[in-house]
Amino acid sequence: MDPIDTLFAAARAVQARAHAPYSRFRVGAALLDEAGAVHAGCNVENAAYPVGTCAEAGAVAAMVAGGGRRIAAILVLGDGEALVTPCGACRQRLREFGAPDLPVHVAGPGGVRRTFTLEELLPASFGPDNLA
Ligand code: THU
């Protein structure tokens with residue numbers, strides 16, 4: 001299967017499990033690590049709103065917990081008309097584990113709508129190399 005199709009299927013499956021009773025906006029994210037393993041996450045909201053976490057944060061945590069250390073590609077899936085691009089904090093989360101040319105596929109229910117590089121989403125970023 002095309003890796004993008006694999007990521008889309010994984011994101012769709014996990015989107016259905018999102019805990020989003022407040023926004024009612026379910027998001028799924030799936031990423032491919034350096035070993036070719038897929039890790040997925042969904043948004044998990046909280047009655048104390050700021051404590052909620054994004055789908056991308058869940059996918060990154062699943063990757064790290066599963067032993068992955070580099071993100072080769074990520075797909076984010078949400079409903080609605082607008083592009084569901086990662087929030088600012090999640091762009092920085094991706095920066096920790098992704099190269100500037102990391103493809104960030106932004107999908108809607110029908111498939112990928114647009115692909116950005118991480119550098120496009122987070123230009124002139126601060127990352128691990130700054131501390132090397
Ligand atoms: N959300 C994500 O999980 N990922 C994104 O890329 C955009 C927004 C979530 C956070 C919150 O639970 C809901 O979508 C509405 O903002």
Side-chain angles (χ1 to χ4, degrees):
M1 209 200 280
D2 184 302
I4 294 182
D5 294 335
T6 303
L7 290 177
F8 184 79
R12 191 170 48 190
V14 77
Q15 182 194 23
R17 299 189 192 124
H19 176 70
Y22 309 108
S23 72
R24 306 214 169 272
F25 191 75
R26 294 169 179 267
V27 183
L31 65 83
L32 203 58
D33 73 13
E34 74 276 22
V38 173
H39 306 278
C42 55
N43 51 333
V44 181
E45 297 182 349
N46 192 286
Y49 290 2
V51 181
T53 50
C54 288
E56 295 90 329
V60 167
M63 179 191 79
V64 173
R69 283 298 178 268
R70 296 296 294 169
I71 307 174
I74 183 164
L75 184 147
V76 183
L77 169 62
D79 297 330
E81 295 298 310
L83 286 176
V84 181
T85 45
C87 77
C90 285
R91 293 175 195 205
Q92 187 67 37
R93 288 192 175 94
L94 299 179
R95 174 70 180 82
E96 186 70 15
F97 303 102
D101 65 350
L102 167 69
V104 180
H105 304 293
V106 177
V112 173
R113 290 172 164 158
R114 201 162 151 191
T115 298
F116 298 89
T117 64
L118 182 58
E119 173 73 20
E120 285 179 290
L121 295 176
L122 193 68
S125 63
F126 184 90
D129 28 310
N130 287 88
L131 301 180

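All ligand and atom numbering here is 1-based and tracks the order in the structure.
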Residue from Arg69, His39, Arg70 passing side chain to side chain donor-acceptor pair (under 3.5 Å) with Asp33: His39
Under 3.5 Å, is there a donor-acceptor pair between the side chain of [X] and the main chain of [Y]?
X	Y	result
Arg93	Ala57	no
Ser23	Phe25	yes
Gln15	Arg26	yes

Residue pairs fulfilling side-chain hydrogen bond (donor to acceptor under 3.5 Å, both in side chains) with at least one residue in residues 46-68, sequence neighbours excluded: none
Contact residues of ligand 1, where a non-hydrogen atom lies under 4.0 Å away: Ser23, Phe25, Val27, Asn43, Glu45, Cys54, Ala55, Glu56, Val84, Thr85, Pro86
Path from Leu31 to Leu94 over hydrophobic side-chain contacts below 4.5 Å: yes
